[in-house]
Amino acid sequence: GGNVGGQTVVMAVRKLALGENVSIGYEALVGLKLCAVLVPVAFIRCWAQHFSTSGSMAVAISIMAVVLVAALLGAGIPKILFMVSIDPAHATPIIQVVMDILGVCIVCVTGLLLLGPKAAAEQWKVH
């Protein structure tokens, strides 16, 4: 999430510096394109490493959520900072920290919702 958000921030800051519009919708579309590649790869990798199908789905859905949230925040945070007259370049460390924390939360919540508490604990248990 931090890398997606960081790259999105760089593009947003560049556009703001050039006086161009930063479109959160466009960045969400880019995030969806990334998901089109990352989600199937994540699912196949987990499944190939003998995760259950539901565990593989939980990982794939988590990746999709993290990428989309990172893309949206990566475009939104610099815009907000710019609107309140704060250098939008400060969004880079903000997005890195926020996505580190949100990424872990998204993975945990997705696992709990899709697998249930007992299955989630069993799925991540080291054998």
Side-chain angles (χ1 to χ4, degrees):
N3 287 333
V4 172
Q7 291 298 316
T8 306
V9 165
V10 167
M11 294 306 298
V13 170
R14 180 182 180 281
K15 286 180 180 181
L16 289 169
L18 295 173
E20 298 174 7
N21 182 38
V22 176
S23 170
I24 294 176
Y26 173 77
E27 296 304 334
L29 181 61
V30 172
L32 284 172
K33 290 177 183 179
L34 281 169
C35 288
V37 175
L38 294 174
V39 169
V41 169
F43 179 86
I44 291 167
R45 179 171 185 243
C46 291
W47 186 73
Q49 291 183 309
H50 308 291
F51 274 48
S52 66
T53 302
S54 58
S56 299
M57 286 297 295
V59 170
I61 291 170
S62 295
I63 287 176
M64 181 176 66
V66 168
V67 168
L68 290 176
V69 168
L72 293 171
L73 290 177
I77 293 172
K79 281 183 80 163
I80 292 168
L81 292 176
F82 185 76
M83 289 180 350
V84 296
S85 299
I86 297 174
D87 184 359
H90 292 301
T92 302
I94 293 170
I95 194 72
Q96 297 290 331
V97 173
V98 167
M99 285 314 303
D100 284 347
I101 295 166
L102 276 180
V104 171
C105 292
I106 289 169
V107 170
C108 291
V109 168
T110 303
L112 286 173
L113 291 175
L114 294 178
L115 303 173
K118 184 177 178 187
E122 185 63 31
Q123 183 69 46
W124 307 117
K125 189 172 152 183
V126 177
H127 299 284

Name the atoms and distances for all side-chain donor-acceptor pairs under 3.5 Å in residues 70-98, with sequence neighbours left out.
from : atom 1 : to  : atom 2 : distance (Å)
K79  : NZ     : V22 : O      : 2.9
D87  : OD1    : A89 : N      : 3.1
T92  : OG1    : A89 : O      : 3.4
Q96  : NE2    : G2  : O      : 3.0

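- One hydrophobic cluster, built from ILVMFWY side chains closer than 4.5 Å, holds both V66 and L102.
- In this structure, the side chains of K15 and Y26 come closer than 4.5 Å at one or more pairs of heavy atoms.
- Closest approach of S56 and W47 over heavy atoms only: OG-N, 3.2 Å.
- For Q49, the side-chain contact (heavy atoms from CB on, under 4.5 Å) partners are R45, not counting sequence neighbours.
- Listed by chain and residue number, I106 satisfy the side-chain contact (heavy atoms from CB on, under 4.5 Å) test with A65 (two or more places apart in sequence, or in another chain).
- With sequence neighbours left out, V67 forms a side-chain contact (heavy atoms from CB on, under 4.5 Å) with V4, L34, C35, L38, I63.
- When all heavy atoms of L114 and A58 are compared, the pair lying nearest together is CD1-CA, 3.6 Å.
- V10 belongs to no hydrophobic cluster with other residues, because no ILVMFWY side-chain heavy atom falls under 4.5 Å from its own, directly or through intermediates.
- Listed by chain and number, the hydrophobic cluster partners of L113 are V109, where partners are ILVMFWY side chains within reach of under 4.5 Å, directly or through others.
- Nearest heavy atom pair, residue T53 against residue F43, reads O-CE1, 3.8 Å.
- Between the OG atom of S23 and the CG atom of L29 there is a distance of 9.0 Å, given to the nearest 0.5 Å.
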